[in-house]
There are 2 protein chains.
Amino acid sequence: MKMLVADDDRDLRELIGFTLTQAGYLVVKAGDGPAALRMFEAESPDLVVLDINMPGASGFQVCEAIRKRSRVPVIMLTVRGEEEDLVRALELGADDYLTKPFSPRTLLARIKALLRRAGMENSAPLAAGRVTLDIDEHTVRIGTAQPVRLTKLELRLLQMLLANAGHTVSTDRLLIQVWGHRNSADRQLLKQLVHRLRQKIEVDPATPQLLQTASGAGYKLVVE
Amino acid sequence: MKMLVADDDRDLRELIGFTLTQAGYLVVKAGDGPAALRMFEAESPDLVVLDINMPGASGFQVCEAIRKRSRVPVIMLTVRGEEEDLVRALELGADDYLTKPFSPRTLLARIKALLRRAGMENSAPLAAGRVTLDIDEHTVRIGTAQPVRLTKLELRLLQMLLANAGHTVSTDRLLIQVWGHRNSADRQLLKQLVHRLRQKIEVDPATPQLLQTASGAGYKLVVE
DNA sequence: CCTGATTGTCACCGTTTTATAACCGATCAG
DNA sequence: CTGATCGGTTATAAAACGGTGACAATCAGG
């Protein structure tokens, strides 16, 4: 598990690096925004710890750039008393934040929670009702039918719906979980993805039995 | 999703309560430490917003008592410049904190992040009397009847009435909470919305039993 | 570099939802 | 009595939404 730590404060960077290394993670570091982006490209870490206040490019810009190409978990660091920054960070797609000062223990707890949530620790085969999802193989099986291959996005969408099987998941949440941003203008993407997924998993895609629309609310996976 | 707000500052308490109610959460309030603990016992909220400085029992004691029996997310409120309090609060098991003053938007962002972290973002249905509102599904159920689909605005209106079940809510407040503005010319919108909602939830829409008019004042949801 | 698969973008359709307007009856003050 | 206001109702226009097909851009594997 590789992690990128980006902070211009050398001491803090080293402290975080040490903490993570001790915990058994591989760590790469960057001291400013551009470096962080280069490192991100070069190392493709599994998680990013990102300070908001950095020379070169602010944490916002880095976060935005990362979100453009990846859904990797991002934890933002901020100094106390800049709550407005936090709101912006979370809206830009950051997954969590920490306010300085924080204890190494807190940092580790947050990181573990985040990894758990991102499902990077357990790749348990998800199933509900007649739907069985094999994440490693990128396939679904409906009932006893032949498994169907899914694309990356289709898999993510179905994974989210499956995790909340029987309950409606709002379009906003799906947008965040699948693409990593909440630009509500991007409804079209979801429309298309749902359409394509239905072609694959529904007996009659025109009258969905599994992936149903909750008009005005979102979509839900129906299980008996 | 039920939330407990404990703060001795009445104005702030109401402000927070209003913010959370508007966001669709059910809110219970307490003005001091002992009351907070009683409410916690009686209502078993899903999240607690806790001021550190309160008469009766300090926020610390309340937090500690809560942590003894529950892992419910706790957000502490503190005034700026009392950093040592924060450290203590976090060590006592608080999950997050906010420094006064803060914006409602910030509070909401934090709460959502916290709920996400705790994996509790699925809200339980909101209910009063025979009316059960499922916010995720955008549906109401009256008694044991078939659930009825609601539109976005109908849902918001009913949510507000339900949050104040048994009490009249003024037209002005409804306008603000549903549409976000108080242009008194827009009373027509409310008239329409009430009409449409009655068609959906009343047995005989011409003689409303549930969504009754308080002439000259507003509307109220009658529950037995 | 080429090729097929995947993903993003656009345009269009029919339906649902929301906004706007007009009309009706009841009530009440002048 | 008259005119104004209020709440309810009906009708209609405007906007938003969801579904679909076509096609362009991008990505991944050979």
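All chains are named by letter (A, B, ...) in the order of the sequence lines, taking the proteins before the strands, and each is independently numbered beginning at 1. Values in this document were obtained by computation on a predicted structure and should not be read as measured data. The analysis underlying the following values was restricted to heavy atoms, covering all of them including side chains, and did not include hydrogens, waters or symmetry mates.
Atom-to-atom, CG of L150(B) to P of dT16(C) comes out at 16 Å; the value is rounded to the nearest Å. Atoms CG (L175(A)) and C1' (dT7(C)) sit 15 Å apart, rounded to a whole Å. Rounded to an integer number of Å, the gap from E154(B) CD to dA19(C) C1' is 14 Å. The distance between atom CD of Q199(A) and atom P of dA5(C), rounded to the nearest whole Å, is 16 Å. R149(B) places its CZ atom 16 Å from the P atom of dT15(C), with the value rounded to the nearest Å. The CG atom of L197(A) sits 13 Å away from the P atom of dT20(D) (whole-angstrom rounding). Look at CG on D204(B): it is 13 Å from C1' on dG8(D), rounded to the nearest Å. Summarising the geometry, the separation between CG on D186(A) and P on dT7(C) is reported as 15 Å, rounded to the nearest angstrom.
L153(B) comes within 4.0 angstrom of the backbone, heavy atoms only, and of no base. At a threshold of 4.0 angstrom between heavy atoms, the contacts of R196(A) include nucleobase atoms, whether or not backbone atoms are also involved.
Counting heavy atoms from C-beta on, the side chains of Q209(B) and V203(B) never come closer than 4.5 Å. Looking at I111(A) and D96(A), their side chains never come closer than 4.5 Å, going by heavy atoms from C-beta outward.
Counting heavy-atom neighbours within 6.0 Å of R156(A) CZ, excluding the residue itself, gives a total above 12.
Of the side-chain N and O atoms in H195(A), one or more sit less than 4.0 angstrom from OP1 or OP2 of dT20(D). Distances shorter than 4.0 Å separate some side-chain N or O of T213(A) from OP1 or OP2 on dG19(D). In this structure, Y219(B) does not reach the dC6(D) phosphate: none of its side-chain N or O atoms is under 4.0 Å from OP1 or OP2.
The side chain of W179(B) approaches dA19(C) more closely than any other nucleotide in the set dT10(D), dT20(C), dA19(C). When distances run from any side-chain atom of K152(B) to the nucleotides dC17(D), dG18(D), dG7(D), the shortest one goes to dC17(D). Picking from dC6(D), dG8(D), dG19(D) the nucleotide with the shortest atom distance to the side chain of R187(B) gives dC6(D). Comparing dT9(D), dG18(D), dG19(D) by their closest approach to the side chain of R198(A) singles out dG19(D). Here the side chain of Q192(A) is nearest to one of dT16(C), dC10(C), dT9(D), namely dC10(C). With dG7(D), dT6(C), dG18(D) as the choices, the nucleotide that has an atom nearest any side-chain atom of T151(A) turns out to be dT6(C).
With hydrogens and angles left out, the side chain of Q188(B) and the base of dT5(D) share no donor-acceptor pair within 3.5 Å.
A donor atom on one side chain and an acceptor atom on the other are found under 3.5 Å apart for R110(B) and Y97(A).
Listed for the E202(A) side chain is a donor-acceptor partner under 3.5 Å among the backbone atoms of L210(A).
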